[in-house]
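See structure below.
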Amino acid sequence: MTNLELPSYLIQSDAVRTRFERLKEREVVLEVKGLGKEFDSAQGPVTALKDIHFKAHRREFVCVIGPSGCGKSTLIRILAGLENASHGQVLLDGKPVSGPGPERGMVFQGYTLFPWLTVKKNVMFGLLNQGVGKAQAESEALQWIDLVGLERFSDAYPHELSGGMKQRVAIARALANQPRILLMDEPFGALDAQTRAKMQAYLLEIWKNIDITVLFITHDLDEAIFLADRILVLKANPGEVDELIEVPVPRPRNFDQLISPEFLATKKRLEQLIHPPKEEDEVSEDKLHMIRMTRVGDDVEDIEA
Amino acid sequence: MATVDILAPRKPLPPRLSRGLTVASFLLPLLVWAAVSYLPFLWHPEREITVPGGVSYFKEGMRIDADRYAQELAQVREQGLPLPEAKKVNPIYLPAPHEVATAFYTAFTEAPQMRSQQWLHESLWHSIQVIFWGFTLSSLIGVPLGILCGTYNAVSRLNEPFIEFFRYLPAPAFGALAVAILGIYDGPKIAIIFIGTFFQQVLVVSNTTRRLDKSLLEAAMTLGANRLQMLFKVVVPGILPDLYRDQRILLGWAWTYLIVAELIGTSSGITWFITQQARYKNFDNVYAAIMMIGIIGLVTDLILARLGKKLFPWEKSRAH
Ligand SMILES: Nc1ncnc2c1ncn2[C@@H]1O[C@H](COP(=O)(O)OP(=O)(O)OP(=O)(O)O)[C@@H](O)[C@H]1O
Ligand SMILES: [Mg+2]
């Protein structure tokens, strides 16, 4: 990418270093030990995840990044309890988890609001399941809707909302259960760049205001660096931890930091990990066989003005 | 004004054009019918004798083929006998629109010619009851079973193979059996409607249930829903609009089994009315009765469609 002289991504300012020291003193909310997953596919068994270890501390923001198909979704689905691990253990507050539960909230990439419920009733869904009274559930739901800035839409149905609004409701719905950890699988993947940036800022704002640990999957490097305290980099075939990067960009974050030296250094490192420089033969294999279908001399790339 | 390309695939039509086409879809067949009935040069293959003339077997009101009539006419002319007269008519099985309209009207105003006969609306009401009970009984078992089959693979494996087999057995084939078990009155008729509807219903509903987005179930699980809550707070409301649509289509199928059902045991209802009237060649009454069935079917479906829009406000304008 850049040919600028960048500092190492490992260098942290004092403020950042003390922040990480304090963060690691906090109790561990999520611990993943020796996690592995094999799928039986038509082509025989596929190892999607192998020997994953990591910890997330209370109120930490962890991003998981990795090439497509490296098992990110599989990992988060196991954490949510939607999929069983083949090996290893997931501990929440030190206790092993099995099956889904309201203490692990999840926001999916696709829109999973219940279309037959209004925004308010969607947010109340988990509370009512927990046996919270209707009146209390309603007032709590309204607070959460307020938090994501959608108070004007509390009686709207999901199909009346934009994509970004739907995901905000999904966040409110997951948070209403007051989970210990919020699991997010590329929640902004389907949004346009502008909405996406807004949603990232929103999410950090929400995260700052409540006691929640976040595990956030993305394949967008900027998004990962902008949001995370630490980034868990996975590699593919089989999905293994490549590196756990401590993001040296200080908080509070803002979009001006996208061109700061720490940010760029981290991004460079991530690019090295995720798109390693390829060997010659691999590159030529990847080249497309293109037949030229335009007139000779009609070049797009050197049109003269 | 911008021109509308009415043949652009799946493009919504302007409302006025749409309404116009709806009216035309009824008006066109009616126009064809009226043209064939009222324009003497169209079809009219028979002659109704008005004056018998010199043909010995001609009687007033008698209907005869146009060719035969022409032959007889030629013969009579040769022999120098008085000429018969006749008017061009259509076969008796095609009454003109106004005759059917009159029959339609008198069906409600004039008592049947024979005391043993039923009024049209009595026959219809009887048929509607048979349909209602057959369909309701089928739905009471079929819909829950279908939902369970679509939700739990174990229930599906246990039921669907047999149902899949059974649905190929034609419902009317069970007529004799139904009469032997349930007697000759309404029991076997309701049973035929039940058999005709039930097996399709289970399969259709279970398929609809399976089409529910799985990620909604997963979302509910991560929100702490237990099994019962998943079934009653996610699956059931999630499929409700589609289930409603299925039921509308299934109700239409139930009507088609009615005709067979009513011929079993003692004939009754609208089918009895129709066969009876056809036997006495009152084809105007036959058409009136058939139209009545059509109108009832159409009106019920329109009402149900409207109701559906009220019931499921979250269903954006998905085509009904
Ligand atoms: N149910 C399944 N059965 C068989 N193989 C599966 C299943 N789910 C995932 N896999 C395989 O496991 C691997 C990891 O898939 P996963 O969806 O977790 O990747 P991902 O990192 O989320 O990819 P993406 O960035 O495209 O979302 C893939 O090779 C995929 O083919
Ligand atoms: Mg994925």
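Proteins come first, then strands; the chains are lettered A, B, ... in the order of their sequence lines, and each starts at number 1.
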inquiry  = Measuring from atom CG of B:L217 to atom CG of A:L82, what distance do you get when rounded to the nearest 0.5 angstrom?
reply    = 10.5 Å
ask   = Roughly how far, to the nearest 0.5 Å, is the CG atom of A:N129 from the CE atom of B:M221?
value = 12.5 Å
inquiry  = Counting neighbours of CG on A:N84 that are heavy atoms of other residues, nucleotides or ligands and sit closer than 6.0 Å, is the number greater than 12?
reply    = no
request  = For the residue pair A:T118 and B:W314, establish whether any side-chain heavy-atom pair is separated by less than 4.5 Å.
outcome  = no
For chain A, the option from B:D213, B:N226, B:L216, B:L240 that forms the most heavy-atom pairs under 4.5 Å = B:L216
request  = Give the intermediate values and the outcome of side chain to side chain contact (heavy atoms under 4.5 Å, CB included) for residues B:I239 and A:W116.
outcome  = CA-CA 10 Å; B:I239 64 165; A:W116 59 93; over 6 Å; no
query = Do A:L128 and B:K233 have side-chain heavy atoms sitting under 4.5 Å apart?
reply = yes
query = Non-hydrogen atoms of chain B under 4.5 Å away: do they reach the side chain of A:R77, the backbone, both or neither?
reply = side chain
inquiry  = For B:F232, I'd like to know if atom CZ has over 12 heavy atoms of other residues, nucleotides or ligands within 6.0 Å.
reply    = no
inquiry  = Taking every non-hydrogen pair under 4.5 Å, which of B:G238, B:S215, B:P241 racks up the most with chain A?
reply    = B:G238
task = Kindly indicate whether the side chain of A:R173, heavy atoms from C-beta on, has any atom under 4.5 Å from the side chain of B:L223.
result = yes
query = So what's closer than 4.5 Å to chain B heavy atoms on A:L183: side chain, backbone, both or neither?
reply = neither
message = Looking at B:W133, I'd like to know if its CH2 atom is crowded, meaning that more than 12 non-hydrogen atoms belonging to other residues, nucleotides or ligands lie closer than 6.0 Å.
response = no
ask   = What are the two closest non-hydrogen atoms of A:F108 and B:A219, and how far apart are they?
value = CE1-CA, 3.6 Å
Heavy-atom pairs under 4.5 Å with chain B, option from A:P115, A:G126, A:G101 with the top count = A:P115
request  = Check each atom of B:E218 against the heavy atoms of chain A and say whether the ones under 4.5 Å are side chain, backbone, both or neither.
outcome  = both
task = State, to 0.1 Å, how close A:P102 and B:G224 come at their nearest heavy-atom pair, and which atoms those are.
result = CD-CA, 3.8 Å
message = Do B:P313 and A:Y157 have side chains that approach each other closer than 4.5 Å (heavy atoms only, starting at C-beta)?
response = yes
